[in-house]
Amino acid sequence: MSNTTPVRVRFAPSPTGKLHIGGARTAIYNWAFARAHGGTFILRIDDTDPTRSTDENTQIILRAMRWLGLDWDEGPEVGGDYGPYWQTERLDIYRDAAQRLVDEGKAYYCFCTPQKLEEDRKAAQQRHDSFQGYQRTCRHLDPAQARKRVEAGEPYTIRIKVPEERGDVVIHDAVHGDVTFNAKELDDFILFRSDGTPTYNFATVVDDADMRITHIIRGDDHLSNTPRQVMVYEALGAPIPTFAHISMILGADGKKLSKRHGATSVEEYRDGGYDSDAFVNYLALLGWALDGQTTIIPRKVLAEQFSLDHVSKNPATFDQAKLDWINGEYLAAKTDADFAREVLIPQLIAAGLEKEDELAHPQAWYELLASILKPRTKLAPEVVEKSRFLYEGTNLSYDEKSVAKNLAKEGTLTYLQAAYNALAAIDAHEWTAATLDEALAPLPEQLEANKRKFYAAVRVAECGNQVSPPMGESLQLLGRDLALTRLEQSYKLAQA
Ligand code: GLU
């Protein structure tokens, strides 16, 4: 492939399930590679397995791709010049391609029954033959004879004719370097099954060649398929793309990442409140590095700087704590307005504290709340418990431990009453965090009270919990009436 050929890459999920972390990472690498090279990113739905592919799964995958922000230039919903982009709509194309190979003597009809194949395999085993694959029985049939048998309705498959003298097949993999396979072990494998469906190794190559794919970036579980696919490219007379097989993703126990390790689908992370940019950032780092130390890599940088020579061939380990940390960094970097709109309000609505069509407060209120929650939030759903005290009106639920430790203590009644008097002196229109903090500040000294104990008592009285956001802002958000009522209500829990 020459350097001037425009880059075309594809992500080709089989809609047999949801989009998983491994698939999402493959999609991200393809997308980023296309963007970094001014190329085209194609989404193709490999739905040739009719028993396991569903439309519902396709929709889930498309939704996940959209959530990840991986826009595709050709594929479902957007179209393109090389469609259709669903393999089930391309069956004629595969049939024609297979027929052409038969006509050119590069593939042949095989009439061996499953029983015959099994017998041959057993015989090869007994002979201790190093090759136990297909014995090439039908390779030497007279083509005209074979054609007649096909026309007469005899069941057949179409097999590739791997050239006798092909020798080693060397894959120049962009991640693994040169990987050598012996063509002799490749077998005259099946391109077309007797039920009229193409095999994966055939359909994929027909499509990749047809769609002018220049780089194939995919999981290294497909490395062993690659020499077969190279045979198909050679038979079709199509240029061989650059392959880049990316490593497996392991769980913390060193085993291949699976359900056992927890959430594995993109959906679960979306529903768990992860930020899409943070999630993409983290997945990109599973096997790729910008410079070996930078962890926060915004999507824009990824799309400019991604390159295959920084992809590692070693397995990557999924690290939940690192993902959570990165997520927290992304949340903290949002403006208050964005945090309110993208994180806070949707979470409050989902938790039933707010109604979607009629928010309880003006925009500024949510932005103020956002400003105090942002630095304290790693995962979006955490904002719900931290905001709950603002929604409980005069029925505040108190955390028992916090009450026992901070309110039910000698002297606390005096603290609350002093706080009440200081706050009651502030008018509603002056009721801001700064004024409120200022009003409370001199009280511990005046009361000869321990500062921490004083604030803990007021905090539990106002918020029900000793671990709540900063005082002034919390009071401002509660509003004058409710803040004063809660102090009075908590007198009964305090001690003189
Ligand atoms: N549909 C195949 C898969 O999901 C695509 C593999 C490939 O990229 O060639 O594994």
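For ligands, and for the atoms within them, numbers begin at 1 and follow the listed sequence. All values reported here derive from a predicted model rather than from experimental measurement.
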query = Is a donor on one side and an acceptor on the other found under 3.5 Å between the side chain of W365 and the backbone of L477?
reply = yes
query = Is the backbone of Q132 close enough, under 3.5 Å, to the side chain of D129 for a donor and an acceptor to pair up by distance?
reply = no
Set of residues satisfying ring-ring contact (aromatic ring centres under 6.0 Å, His included) with respect to F279, sequence neighbours excluded = W67, Y269
task = Would you kindly check if the NZ (Lys) or CZ (Arg) of R44 is within the cone defined by 45 degrees around the ring axis of W72 and under 6.0 Å from the six-membered ring centre?
result = no
key: Ring geometry between F306 and F33 (parallel below 30°, tilted from 30 to 60°, perpendicular above 60°)   = perpendicular
key: Contact residues of ligand 1, where a non-hydrogen atom lies under 4.0 Å away   = R10, A12, S14, D46, Y200, T204, R218, H222
ask   = Do you know which of T16, T88, T58, N57 makes side-chain hydrogen bond (donor to acceptor under 3.5 Å, both in side chains) with D47?
value = T88
